[in-house]
Amino acid sequence: MPELPEVETIRKTLAPYLPGKEITGVEPRLAKAFRPDPETFAREVTGRRITGLSRRGKYLILSLDSGKRVAFHLRMSGRLLYSENPSPPPKHTTLILRFKGGEELLMEDPRKFGTVHLFTGKNLPPGLAALGPEATEKKEALANLRAAGERRKAPVKTILLDQTVLAGLGNIYTDEALFLAGIDPSRPVNQLSPDEWEKLYTAIRRVLTEGLAHRGTSQRDYVDGKGEPGTHQEYLRVYGRRGKPCPVCGQPVSYKRVAGRGTHYCRFCQQ
DNA sequence: TGCACCCTGAGC
DNA sequence: GCTCAGGGTGCA
Ligand SMILES: [Zn+2]
């Protein structure tokens, strides 16, 4: 699933190509993915030039010369693929953008959960407007985590996945960070000590930095903007390793459901 | 505040 | 042939 390191890797791989491109063709193929409707989207985007490419949380954002912006959210199985020699689109294609030189940007999404938003500067999509600070921004992110720790009593994993608290973590990096910090994912957040918050944030930074260095985790569907997989799946400590030995103590990695998500952790190393 | 729901392919 | 995976939204 694309989380912060994956979306950022997609952004980096598209950055050399998209800015400056003129969009000559817009083909929405999955109507329900578009906010607003696909007809408005096609009308507003056709003929525009891409002026910028950025990321906020798990959203990838294109700026257009009209002043409008397009945000993509890939959810679990979405891919954004740039090609200079387009071939016939895959079965589950949400959108095709065609450029003046014959290149294209394609959004593929077998599970069809991904969304495409068209918006203006003041009128952000609700999910984008509500995002907390980037998980990589230490001062703001840590302050928000601590504030949540004071007024909430949900499991710590629930808070890490809450994009209004900090933006960018998903199920994989959350499990990995909690393991590195030695904290049980179901611990109520109001029970964490100041020392544990510091440790947890350090672990979050570490797993995100590693994920970025490895160009993302290709556990299931993820590839970057050029179709290349990342390698961080080879470095995961607990996620997807149920029953396999804990890298620290050697006991089998445990699995349970926390915050409605499959959760991997070590019963012996995490309290 | 927490959970069902959306959806399909992979894996049993 | 069935179950499961998952992020954000909408609704209780
Ligand atoms: Zn262990």
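Chain letters run A, B, ... following the sequence lines, proteins first, then strands; residues in each count from 1.
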Under the salt bridge (Lys or Arg N to Asp or Glu O under 4.0 Å) rule, what do D175(A) and K157(A) come out as? Steps first, then yes or no, please.
CA-CA 8 Å; D175(A) 281 3; K157(A) 174 156 177 170; 2.7 Å; yes
Taking for each residue the nucleotide of DNA chain B bearing the nearest heavy atom, is the 5' side occupied by R111(A) or by G260(A)?
G260(A)
Would you say the side-chain atoms of T51(A) and D65(A) include a donor-acceptor pair closer than 3.5 Å?
no
Counting side-chain heavy atoms from C-beta on, which of dT8(B), dA5(C), dG6(C) comes nearest to M76(A)?
dG6(C)
Can you tell me if N171(A) and T174(A) form a side-chain donor-acceptor pair at under 3.5 Å?
no
Please verify the inter-ring angle class for Y255(A) with H264(A); under 30° counts as parallel, over 60° as perpendicular, anything in between as tilted.
perpendicular
Rounded to the nearest angstrom, tell me the gap between atom CG in D221(A) and atom P in dT8(B).
14 Å
Euclidean distance, atom CZ of residue F113(A) to atom P of dG10(C) [Å, nearest integer]
14 Å
Nearest-nucleotide wise, let me know which of K112(A) and R152(A) is further upstream toward the 5' end of DNA chain B.
R152(A)
Side chain to side chain contact (heavy atoms under 4.5 Å, CB included) involving P2(A) - partner list, sequence neighbours excluded:
E6(A), V7(A), L74(A)
Within the side chain of T9(A), is there an N or O that forms a donor-acceptor pair under 3.5 Å with the backbone of P5(A)?
yes
Nearest whole angstrom, please: distance from the P of dA5(C) to the NZ of K256(A).
16 Å
Compare side-chain N and O positions of K58(A) against OP1 and OP2 of dG8(C) and report whether any pair is under 4.0 Å apart.
yes
For H117(A) and dG7(C), what is the distance between atoms NE2 and C1' respectively, to the nearest whole Å?
11 Å
If you measure only the distance, is there a donor-acceptor pair under 3.5 Å linking the side chains of D184(A) and S186(A)?
yes
For R35(A), which contact category applies under a 4.0 Å heavy-atom criterion: base, sugar-phosphate, or nothing?
nothing
Could you tell me whether K153(A) contacts a base, only the sugar-phosphate backbone, or nothing, with contacts defined as non-hydrogen atoms closer than 4.0 Å?
nothing
Spacing between L74(A) atom CG and dT8(B) atom C1', to the nearest angstrom:
16 Å
Look at H92(A) and dG9(B) and indicate whether a side-chain polar atom (N or O) is within less than 4.0 Å of OP1 or OP2.
yes
Report the distance from atom CD of Q219(A) to atom P of dA10(B), rounded to the nearest whole Å.
15 Å
Take the protein atom CG of L124(A) and the nucleotide atom P of dT9(C), then report the distance between them rounded to whole Å.
13 Å
Using a heavy-atom distance cut-off of less than 4.0 Å, which residues of residues 154-177 of chain A contact DNA chain B?
none
Does OP1 or OP2 of dG7(C) have a side-chain N or O of R261(A) closer than 4.0 Å?
yes
What contact category does F72(A) fall into here, base, sugar-phosphate, or nothing, at under 4.0 angstrom with non-hydrogen atoms?
nothing
Using links of under 4.5 Å between side-chain heavy atoms of ILVMFWY residues, direct or through other members, which residues join L124(A) in one cluster?
Y59(A), I61(A), F119(A), L128(A), L131(A)
Heavy atoms only, 4.0 Å cut-off, all strands: where does G262(A) land among base, sugar-phosphate and nothing?
sugar-phosphate
In this structure, how many angstroms lie between the C1' atom of dG8(C) and the CE atom of M1(A), rounded?
15 Å
Measuring to OP1 and OP2 of dA5(C), would you say a side-chain N or O of Y255(A) lies under 4.0 angstrom away?
yes
Quick check for you: among dG8(C), dT1(B), dT8(B), whose closest atom lies nearest to any side-chain atom of R75(A)?
dG8(C)
